[in-house]
Amino acid sequence: MLEACGITYAHPGAAPLYRGFSLSVASDERVAISAPSGFGKTTLCRLLAGYERPQKGEVLVDGEPLPKRGVCPVQMIWQHPETAVDPRMRMANTLAEAGEVPDRLLDDLGIRRTWLFRYPHELSGGELQRFCIARALAVRPRYLVADEISTMLDAVTQAQIWRFLVAETERQGIGLVLVSHSPALAERVATRVVRLDAEEAAFPSSLS
């Protein structure tokens with residue numbers, strides 16, 4: 001279970017985005033976070049993945065706090081993949097940061113071997129995002145947090161990536177937290193939708 005337990009968080013000099021907020025995500029769930037802009041969805045993602053620490057409360061995985069060092073059991077996939085990689089490194093070296101990446105993972109994500117020798121600026125956004133997903137999965141996380149990861153991609157690439165993520169998280173028993181401004185996408189992908197500005201609602205998963 002991934003849990004945000006009574007967390008309070010505020011940016012310096014600003015009113016709290018969250019005050020005593022709690023959320024639980026099971027390893028067999030795909031939970032979509034929905035709210036208008038300004039409700040702190042990305043901040044929540046950063047908190048769940050350990051990039052930010054709450055002023056009060058804590059984030060737990062199976063009852064244990066997120067580690068301060070080493071590989072985090074919650075891996076985050078960012079909206080802009082170009083900001084998550086070193087522009088001076090070839091993609092093979094970027095993947096190597098996560099250790100050995102199975103060939104099956106590269107094949108299922110549609111990553112061509114020739115791309116491994118390219119630099120980030122030589123790839124499209126969709127191609128680069130596939131590498132970021134592969135790197136996150138290679139460390140065998142318990143949970144993935146996906147923050148608007150397909151917003152900038154074309155419709156075909158969006159569908160391919162989400163079909164892969166749904167199948168792969170089910171296969172490995174990985175819980176998924178996703179942020180999307182698309183109600184249609186959330187309804188297709190998520191097993192549950194949490195609305196930060198309203199009561200929680202649930203949708204069946206119907207990705208095909």
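Values reported hereafter were calculated over all heavy atoms of this structure, with side chains retained and with hydrogens, waters and symmetry mates removed. It should be emphasised that the depicted structure is a prediction, and the values quoted were computed from it without experimental measurement.
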>> Just so I know, are the side chains of Leu44 and Val145 near enough to count as touching, which here means a heavy-atom distance under 4.5 Å?
In response: no
> So, for Ala186 and Val193, which heavy atoms are closest and what is the spacing to 0.1 Å?
Replying inline: CB-CG2, 4.3 Å
> Which residue pairs pass the salt bridge (Lys or Arg N to Asp or Glu O under 4.0 Å) test with at least one member in residues 70-87, sequence neighbours excluded?
Replying inline: Asp86-Arg88
>> According to side-chain contact (heavy atoms from CB on, under 4.5 Å), who are the partners of Pro36, at least two apart in sequence or on a separate chain?
In response: Phe39, Asp197
Please set out all donor-acceptor pairs under 3.5 angstrom arising from side-chain atoms of residues 58-72, sequence neighbours excluded.
unit_1 : atom_1 : unit_2 : atom_2 : d
Asp62  : OD1    : Met1   : N      : 2.7
Asp62  : OD2    : Arg142 : NH1    : 2.3
Asp62  : OD2    : Arg142 : NH2    : 3.4

> If you take all heavy atoms of Ala32 and Ala190, which pair is closest and at what distance?
Replying inline: CB-CB, 3.7 Å
> Just wondering, do Leu109 and Phe131 contact through their side chains at under 4.5 Å, heavy atoms?
Replying inline: no
> Hey, are Trp78 and Thr83 close enough side-chain-wise for a donor-acceptor pair under 3.5 Å?
Replying inline: no
>> Using every non-hydrogen atom in the two residues, find where Pro87 and Pro120 come nearest and quote the distance to one decimal.
In response: O-CD, 3.8 Å
Show me the donor-acceptor pairs within less than 3.5 Å that the side chains of residues 172-184 make with the rest of the protein, sequence neighbours left out.
unit_1 : atom_1 : unit_2 : atom_2 : d
Gln172 : NE2    : Glu168 : OE2    : 2.4
Ser180 : OG     : Ser182 : N      : 3.0
His181 : NE2    : Glu148 : OE2    : 3.4
Ser182 : OG     : Leu185 : N      : 3.1

> Do Pro81 and Cys132 have side chains that get closer than 4.5 Å, going by heavy atoms?
Replying inline: yes
> Gln75 and Arg135: side-chain donor and acceptor closer than 3.5 Å?
Replying inline: no
> According to a 4.5 Å side-chain heavy-atom criterion applied to Ile, Leu, Val, Met, Phe, Trp and Tyr, with indirect links allowed, do Leu2 and Val139 form part of one hydrophobic cluster?
Replying inline: no
> Which pair of heavy atoms, one from Ser24 and one from Glu3, lies closest together, and at what distance?
Replying inline: OG-CG, 3.8 Å
> Is there side-chain contact between Lys56 and Ile7, with at least one heavy-atom pair below 4.5 Å?
Replying inline: no
>> Using the side-chain contact (heavy atoms from CB on, under 4.5 Å) criterion, which residues pair with Glu52? Sequence neighbours excluded.
In response: Tyr9, Arg46, Leu47
> Within a strict 4.5 Å, meaning less than it, do heavy atoms of the Pro73 and Tyr143 side chains meet?
Replying inline: no
> At what distance, to the nearest 0.5 angstrom, does CG of Leu123 lie from CZ of Arg112?
Replying inline: 11.0 Å
> For Tyr119, what residues pass the side-chain contact (heavy atoms from CB on, under 4.5 Å) criterion, not counting sequence neighbours?
Replying inline: Arg90, His121, Glu122
> How long is the span from the OG1 atom in Thr169 to the CG atom in Leu137, to the nearest 0.5 Å?
Replying inline: 8.5 Å
> Is there side-chain contact between Ile161 and Ser150, with heavy atoms separated by less than 4.5 Å?
Replying inline: no
>> Return the CG to CE distance between Leu48 and Met76, rounded to the nearest 0.5 Å.
In response: 9.0 Å
>> Nearest 0.5 angstrom please: Leu144 CG to Ile133 CD1, how far?
In response: 8.5 Å
>> I'd like to check Arg130 versus Thr157 (side-chain heavy atoms, cut-off strictly below 4.5 Å). Are they in contact?
In response: yes
> Around Met152, counting heavy atoms of other residues, nucleotides and ligands shown, do more than 12 lie under 6.0 Å from its CE?
Replying inline: no
> To the nearest 0.5 Å, what is the distance between CH2 (Trp115) and CE (Met91)?
Replying inline: 10.5 Å
> Which distance, rounded to the nearest 0.5 Å, do you find between the CE of Met89 and the CG of Leu95?
Replying inline: 9.0 Å
> Hey, is the main chain of Gly40 close enough, under 3.5 Å, to the side chain of Tyr18 for a donor-acceptor pair?
Replying inline: yes
> Do Arg113 and Asp107 meet the salt-bridge criterion of a basic N to acidic O distance under 4.0 Å?
Replying inline: yes
> How close do Gln129 and Ile77 get, heavy atom to heavy atom, and via which atoms?
Replying inline: OE1-CG2, 3.4 Å
>> Between Arg30 and Glu170, does any NZ, NE, NH1 or NH2 come within less than 4.0 Å of an OD or OE carboxylate oxygen?
In response: yes
> Do side-chain atoms of Gln158 reach the backbone of Leu153 as a donor and acceptor pair under 3.5 angstrom?
Replying inline: yes
> Just by distance, do the side chain of Thr8 and the backbone of Gly20 share a donor-acceptor pair under 3.5 Å?
Replying inline: yes
